[in-house]
Amino acid sequence: MPELPEVESYARALRAPLIGRTITAVRVYWPRTVAQPSVREFTRRLPGLRVNAIDRRAKYLVFALSAKSSQVPTDYLLIHLKMSGQLDVTSHPKPIDKHDRVIFDLSGGRRLHFNDMRKFGRMYLVPHPEVITERLGPEPLSDEFTLDGFRQRLRKRKGRLKSLLLDQTFIAGIGNIYADEALWLARLHPLRRADSLSEAETRALYRAIRAALREGIKRNGASFDRVYRSGDYKFRVYARADRPCRRCRQPIRRTVVGQRGTYFCATCQSLRG
DNA sequence: CAAACTCCCTGTTAGC
DNA sequence: TGCTAACAGGGAGTTT
């Protein structure tokens, strides 16, 4: 499932083929994919707008759109891929896939297919991206995510570390995979209470979050062959139940925390400080 | 503030 | 062999 590193890889990969192109037509095959505004207004307003910039905020792709002659964005298209969303740019028309939910026609004969088997993905066409993203926590790879700020906010929370890392209002962009990866790197048990970390553990977690995400971006970037493919990632703990821990060779355990499958090493991830 | 649960979905897999 | 039910998961929303 796409998390921060996968979405970042998408943003980088889509810039070259899409920036400067103008949307000429939009077809919506699954109306609920368009969360905002109505499908009618979505398909009416987009044609004529040009892709000015493509960025990422948390797990959202943010397309800045402007009227043809202007550089100033007038609208923003936000896309959240959720579980199974994929984006694919084609230069030559290809048949509509049964899981295609929205197709954008672009100048120069290009098309952008939004394919989403599970139908959880959502799009938002809004005047400012903050309308959608204002509740999100800090970007873990940006300067706004500081060790000091992290320490202070961690101290105020009594929940489990795993659940907290998945809370998008606490830190933005981490999902189930990178939460487990970061906790393993930091040698912290997913059920540890957030306010129980020592200074050294806090620093370890802060670094582990950034390291896990940075490595993810590196690998996704490398394996990005037009379409995002997940299979080629070597995770440290995620989905490795019963297989040996890469540090201590003890079997990786799987449990459920907050309704999410959670993988960890009971030997080297400490539950008590 | 936090935990627990519901909802939206369908391909995959386990169980009968 | 063929069917059914459970399961996975992001995240918003609701209830306790």
Side-chain angles (χ1 to χ4, degrees), chain A residues 1-10 28-36 39 56-62 78-87 97-102 114-124 126 129-140 150 152-183 189-197 209 212-213 216 220 227-231 233 235 237-242 252-264:
Chain A
M1 337 76 250
E3 301 181 22
L4 185 155
E6 290 75 23
V7 180
E8 178 65 29
S9 297
Y10 260 118
V28 177
Y29 301 98
W30 183 255
R32 296 192 60 154
T33 299
V34 179
Q36 223 182 99
V39 172
R56 177 195 60 74
R57 173 75 172 103
K59 300 177 200 173
Y60 292 88
L61 278 167
V62 182
L78 275 67
I79 300 181
H80 198 304
L81 303 168
K82 293 286 181 89
M83 292 288 295
S84 58
Q86 299 185 25
L87 290 166
D97 183 86
K98 67 170 177 171
H99 299 311
D100 280 344
R101 308 305 178 197
V102 180
F114 177 69
N115 189 281
D116 184 24
M117 186 182 76
R118 298 262 162 102
K119 300 179 173 175
F120 286 175
R122 291 291 180 268
M123 299 184 181
Y124 310 79
V126 289
E130 293 78 22
V131 173
I132 305 301
T133 63
E134 63 188 350
R135 289 180 201 159
L136 296 168
E139 279 294 322
F150 183 59
Q152 282 176 29
R153 299 174 64 230
L154 209 53
R155 250 196 319 240
K156 295 183 208 156
R157 305 293 292 251
K158 301 180 200 304
R160 319 285 197 187
L161 282 182
K162 171 69 185 271
S163 303
L164 194 58
L165 292 185
L166 294 177
D167 180 347
Q168 301 299 299
T169 67
F170 187 76
I171 310 181
I174 300 175
N176 207 33
I177 295 173
Y178 292 96
D180 284 1
E181 297 293 289
L183 289 170
H189 196 290
L191 294 178
R192 270 292 284 280
R193 273 173 54 135
D195 64 359
S196 75
L197 301 200
I209 288 167
L213 295 172
N220 287 139
V227 182
Y228 155 66
R229 297 173 303 149
S230 59
Y233 192 97
F235 297 118
V237 269
Y238 185 78
R240 300 194 76 245
D242 302 325
I252 295 297
R253 303 248 298 260
R254 181 188 188 276
T255 183
V256 175
V257 181
Q259 281 81 246
R260 289 290 175 269
T262 298
Y263 302 87
F264 67 104

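To find a chain, count down the sequence lines: A is the first, B the second, and so on, and within it residues start at 1. These figures come from a predicted structure and were not determined experimentally.
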| request: Verify the contact: side-chain N or O of K59(A) to OP1 or OP2 of dG11(C), cut-off strictly under 4.0 Å; return yes or no. | output: yes
| said: Can a donor-acceptor pair be found, under 3.5 Å and without considering hydrogens, that links the side chain of E6(A) to the backbone of N220(A)? | reply: no
| request: Describe the nucleic acid contact of G258(A) in one word from base, sugar-phosphate, nothing, applying a heavy-atom distance below 4.0 Å. | output: nothing
| said: Between Q168(A) and G173(A) (side chain of the first, backbone of the second, donor and acceptor by atom type, cut-off under 3.5 Å), is there such a pair? | reply: yes
| request: Scan R260(A) against the nucleic acid and name what it touches under 4.0 Å (heavy atoms): base, sugar-phosphate only, or nothing. | output: base
| said: Once you apply a heavy-atom cut-off of 4.0 Å, does R254(A) come out as touching a base, just sugar-phosphate, or nothing? | reply: sugar-phosphate
| Is there a side-chain polar atom (N or O) of R118(A) under 4.0 Å from OP1 or OP2 of dC8(B)? | no
| remark: Rounded to whole Å, the CG-P distance (D180(A) to dA8(C)) equals 13 Å
| request: Would you give the length of the straight line joining atom NZ of K59(A) to atom CG of L81(A), rounded to the nearest 0.5 angstrom? | output: 10.5 Å
| L78(A) CG - dA12(C) P separation (whole Å) | 12 Å
| message | Nearest whole Å is fine: how far is dG10(C) C1' from I132(A) CD1? | response | 15 Å
| said: With a 4.0 Å limit, can you tell me whether R160(A) has a side-chain N or O closer than that to the phosphate oxygens OP1/OP2 of dA2(B)? | reply: no
| query | When you check the phosphate oxygens OP1 and OP2 of dG10(C), does a side-chain N or O of H80(A) lie under 4.0 Å from one of them? | reply | no
| query | In whole angstrom, what separates E6(A)'s CD from dG9(C)'s P? | reply | 14 Å
| Taking atom P of dG11(C) as reference, at what distance in whole Å does atom OH of Y124(A) sit? | 10 Å
| query | Does the aromatic ring of F120(A) sit over the six-membered base ring of dG10(C), closer than 5.5 Å centre to centre and tilted less than 30°? | reply | yes
| task | For dG13(C), take OP1 and OP2 only and decide whether either is under 4.0 Å from a side-chain N or O of R135(A). | result | yes
| field | Listed nucleotide nearest any side-chain atom of N176(A), set dC5(B), dG10(C), dC8(B) | value | dG10(C)
| message | Ignoring hydrogens, what is the shortest heavy-atom contact between P140(A) and A172(A)? Give both atom names and the distance. | response | CD-O, 3.0 Å
| message | Check the phosphate of dG10(C) against R122(A), side-chain N and O only, distance under 4.0 Å to OP1 or OP2. Yes or no? | response | no
| Among dC1(B), dG11(C), dG11(B), which nucleotide sits nearest the side chain of Q168(A)? | dG11(C)
| task | Output yes when a side-chain donor or acceptor of R122(A) lies under 3.5 Å from a complementary backbone atom of K119(A), and no otherwise. | result | yes
| message | Rounded to whole Å, please give me the gap between CG in L161(A) and C1' in dA3(B). | response | 16 Å
| Protein-nucleotide distance (K119(A), atom NZ; dC8(B), atom P), rounded to Å | 12 Å
| field | Of Q259(A) and D167(A), the one whose closest DNA chain B nucleotide lies more 5' | value | D167(A)
| query | In terms of the angle between their ring planes, are F170(A) and F150(A) parallel, tilted or perpendicular, with boundaries placed at 30° and 60°? | reply | tilted
| said: Tell me the interatomic distance from R192(A), atom CZ, to dA2(B), atom C1', rounded to whole angstroms. | reply: 18 Å
| said: Counting the atoms with a prime plus P, OP1 and OP2 as sugar-phosphate, which does M83(A) contact under 4.0 Å by heavy atoms, base, sugar-phosphate, or nothing? | reply: base
| query | When you check the phosphate oxygens OP1 and OP2 of dG10(C), does a side-chain N or O of Y178(A) lie under 4.0 Å from one of them? | reply | no
| If you look at every strand shown and take non-hydrogen atoms under 4.0 Å, does Y263(A) touch a base, only sugar-phosphate, or nothing? | nothing
| task | When you get a sec, tell me which of dG9(C), dC8(B), dA2(B) is the closest nucleotide to the side chain of K158(A)? | result | dA2(B)
